[in-house]
There are 2 protein chains.
Amino acid sequence: MAVTLADVAARAGVSAATVSRVLSGNYPVADTTRTRVLRAVDDLEYVVNGPASALAAATSDLIGVLVNDIADPFFGIIAGAVQSEIGDGKLAVVCNTGGSPERELTYLTLLQRQRAAAVVITGGAVDDDAHQAALAARLRRLSDGGTQVVLCGRSPLPGTAPAGATPSGRDTGAEPGGIVTLAFDNTGGAQRLTEHLLTLGHRHIGCVAGPADRTTSRHRLEGHRRALTARGLPTEDERLTVHGGAYDRAAGYDGALELLRRAPELTAVLAANDTVALGVCAALRDQGLRIPEDVSVAGFDDLPASQDAGPPLSTVRLPLHSAGARAGRLAVGREGAPPGGVTTVRAELISRASTAPPPHRPSR
Amino acid sequence: MAVTLADVAARAGVSAATVSRVLSGNYPVADTTRTRVLRAVDDLEYVVNGPASALAAATSDLIGVLVNDIADPFFGIIAGAVQSEIGDGKLAVVCNTGGSPERELTYLTLLQRQRAAAVVITGGAVDDDAHQAALAARLRRLSDGGTQVVLCGRSPLPGTAPAGATPSGRDTGAEPGGIVTLAFDNTGGAQRLTEHLLTLGHRHIGCVAGPADRTTSRHRLEGHRRALTARGLPTEDERLTVHGGAYDRAAGYDGALELLRRAPELTAVLAANDTVALGVCAALRDQGLRIPEDVSVAGFDDLPASQDAGPPLSTVRLPLHSAGARAGRLAVGREGAPPGGVTTVRAELISRASTAPPPHRPSR
DNA sequence: CTGTTAGCGCCTTCAC
DNA sequence: GTGAAGGCGCTAACAG
């Protein structure tokens, strides 16, 4: 039905092999024949059959990108950056996992089925050994099958990337097909954020953390506690921390109300991320509290919208675009893997109007 | 190298055809053989070879989604909704065109090469007859090749979807493989937004419109002018309208400054969309103007961030999620095409704190 | 219900 | 520099 290589060959008066060679370009062909073939291609509006070519060549130009939620700019920015770096001939297959480990595995199977050239997995993982192991197994199989695997914004898989170079000096992470990791410094960022609040004078800091079963949540909380401990302050986890069901605005809203109920004396709230922080702000305002005069609020990620929020959010900037771009380059082999296969990208404190010193006397 | 159907067949003691039948499920197979095959599949960790299967069956489970910028929540929301409706076995290939018509065509070729099952094109088009024609031609070819084409948030292509049912009563848009369009009512939405401003008492309304060569920009401006004309007011296009180079914050910032220079008496600014509006707000604030006391600002789209902006934006809500979901269902044939192949989805006025009556006396 | 037989369209050694 | 031929892994008629 559709026009095939053979049709083009017939029209150009050459063999199918020649047409193939002209099209792939990686083989010497006489200039005169080349132009003749190209004209035939044009006349017939021939378009290569991807599946057939992938089958014969045992390669594909599909690159999978796994994200929790493409509607969330956090992931959108990373995905866009990945795509901008993989080149014009490659196609980015974006898969929304919704944060579900099962869907993550399902999509990886689908991508393996497509013989994807690479897979970029973004965002934090579910903090569960069984799932981590299942994931690691599948990723190793993908990697063995020639698919380049890149983790972006997630800690290295256990047992996948050796910690540092091996005794022999080989950095195993750099071998082609190895699993490369670009981790975000969630712990360090959160620590600096809490220090910022402590320096402002806050002593009653609530946390609306992310879902309890996510590594990102755990790491950010860890940074928070570290800052507290470093100053010899108690952490009061159980009372001052609530876990939301998701990283969304509603979780922030509900979490803030719960926090206020438990600890009306608090003067600052640390949110799981910027989106959650906006929900926190909304809840506080609805309770008649001013930000930052009565309560300070801080987010995480520094999404573009955060600078235009009311008030602009203090937060921790993650270099989402550059990390995604680097992940894209790693995926297509345009950049070598870092030594050990793992790099951690720094998170930078951004101080804006949503944080300020606490009120002199508890206003409530 | 990788395990194939034949390997599974050998291990299960059946023929390759039987394995294929078990896996695709659309053919009667004895229960005992089925389980035996399934166990072999499991033992060998077999994963179907997508390209081979696509080649043999002449179908693919790839669905292309063309967006201007996946980092923009406008497109992220639509893309996410599309993906949520296409089903678990289908893969969404998200392509960032960056608004460039050339890249749009390039990606369509790539998708045609993959023999994509469907293609969803989102967002406005470039307002250029040549490009529109080239696009229409390529889409028709895709459509003829069995790819379902869906336009989401874009006006119907000229000469593609007949206006209404044909005289004979056939609604050509409903035939499988036809090009389906879900258009946004940009004109109506903008008209209502300007009416809102006029009702508040504004008489000097500036526009920071989108790029001049985009249909979306044109349609929104048209709505604005219509509202003006309906009240017998002059439009003053050349002086009160500036076109940004993109739909981004910087365009809003620069556009607002330019507008202020040209028409310091203005009391309201209509932005191309919410993101642009945030830039406008930033510029106005930097000039010492209060929103909405000195100047009102309105956006378009009602992105999630808009309700949390400072101040919350008055805007026009576009049902991005439901439109994307519908586009997804249309793409996979889970929903029939509307009569004539075209539907326009309504845009709803959302009034928030960024718009208010103008100051009594021009404050400047 | 299951096995056999042809291709699907292209790439890639081999010869010429 | 170009052609001929085989096979990539799977599906879809046919038989049985």
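If you're wondering where the values come from, they're calculated on a predicted model, not measured in any experiment. Letters A, B, ... are given to chains in the order of the sequence lines, protein chains preceding strands, and every chain is numbered from 1.
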(request) Check whether the side chain of B:Arg21 and the base of C:dG3 form a donor-acceptor pair under 3.5 Å. (result)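 Such a pair is found, so the answer is yes.
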Heavy-atom side-chain proximity of [X] to [Y] below 4.5 angstrom:
X	Y	result
B:Val94	B:Gln83	no
B:Leu66	B:Glu104	yes
A:Leu91	B:Tyr107	yes
A:Arg103	A:Asn68	no

(request) Would you tell me if any nitrogen or oxygen in the side chain of B:Ser53 comes within less than 4.0 Å of OP1 or OP2 on D:dT11? (result)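 Answer yes for this pair, as a side-chain N or O of B:Ser53 is under 4.0 Å from OP1 or OP2.
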(request) Could you tell me whether the phosphate oxygens of D:dA12, OP1 or OP2, come under 4.0 Å of any side-chain nitrogen or oxygen in B:Ser20? (result)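 Negative; the distance criterion is not met.
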Output the rounded distance in Å from [atom1] ([X]) to [atom2] ([N]).
X	N	atom1	atom2	result
B:Leu55	C:dA6	CG	C1'	13 Å
B:Asp7	D:dG9	CG	P	9 Å
A:Arg115	D:dC8	CZ	P	14 Å
A:Leu23	C:dG9	CG	P	16 Å
A:Tyr27	D:dT2	OH	C1'	9 Å
B:Asp31	C:dC1	CG	C1'	12 Å

(request) First locate atom OG1 of A:Thr147, then atom CZ of A:Arg141, and finally report the distance between them rounded to the nearest 0.5 Å. (result)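 Here the interatomic distance stands at 12.0 Å.
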(request) Using the closest heavy atom to pick a nucleotide of DNA chain C for each, name whichever of B:Ala17 or B:Ala52 lands nearer the 5' end. (result)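 Its nucleotide being nearer the 5' end, the pick is B:Ala17.
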(message) Closest-nucleotide mapping onto DNA chain C: is B:Ala57 or B:Ser15 further toward the 5' terminus? I mean the 5' end.
(response)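 Nearer the 5' end of the strand: B:Ser15.
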(request) Give the nucleotide from the list D:dG1, C:dT12, C:dT2 with an atom nearest to the side chain of A:Pro28. (result)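 Of the candidates, D:dG1 comes closest.
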(request) Please say which of A:Thr122, A:Ile179, A:Leu330 ends up in a side chain to side chain contact (heavy atoms under 4.5 Å, CB included) with A:Val150. (result)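 The residue from A:Thr122, A:Ile179, A:Leu330 that satisfies side chain to side chain contact (heavy atoms under 4.5 Å, CB included) with A:Val150 turns out to be A:Leu330.
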What is the nucleic acid contact for [X], judged by heavy atoms within less than 4.0 Å: base, sugar-phosphate only, or nothing?
X	value
A:Ala30	sugar-phosphate
A:Leu5	sugar-phosphate
A:Thr33	sugar-phosphate

(message) Angle between the two end axes of the helix from C:dC1-D:dG16 to C:dC16-D:dG1, five base pairs per end, rounded to 10 degrees?
(response)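 It works out to 30° between the end axes.
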(message) Using the rule given for side-chain hydrogen bond (donor to acceptor under 3.5 Å, both in side chains), can you reason through B:Thr109 versus B:Thr106, listing the C-alpha separation, both sets of side-chain angles and the distance that settles it, and then say yes or no?
(response) CA-CA 5 Å; B:Thr109 303; B:Thr106 304; over 6 Å; no
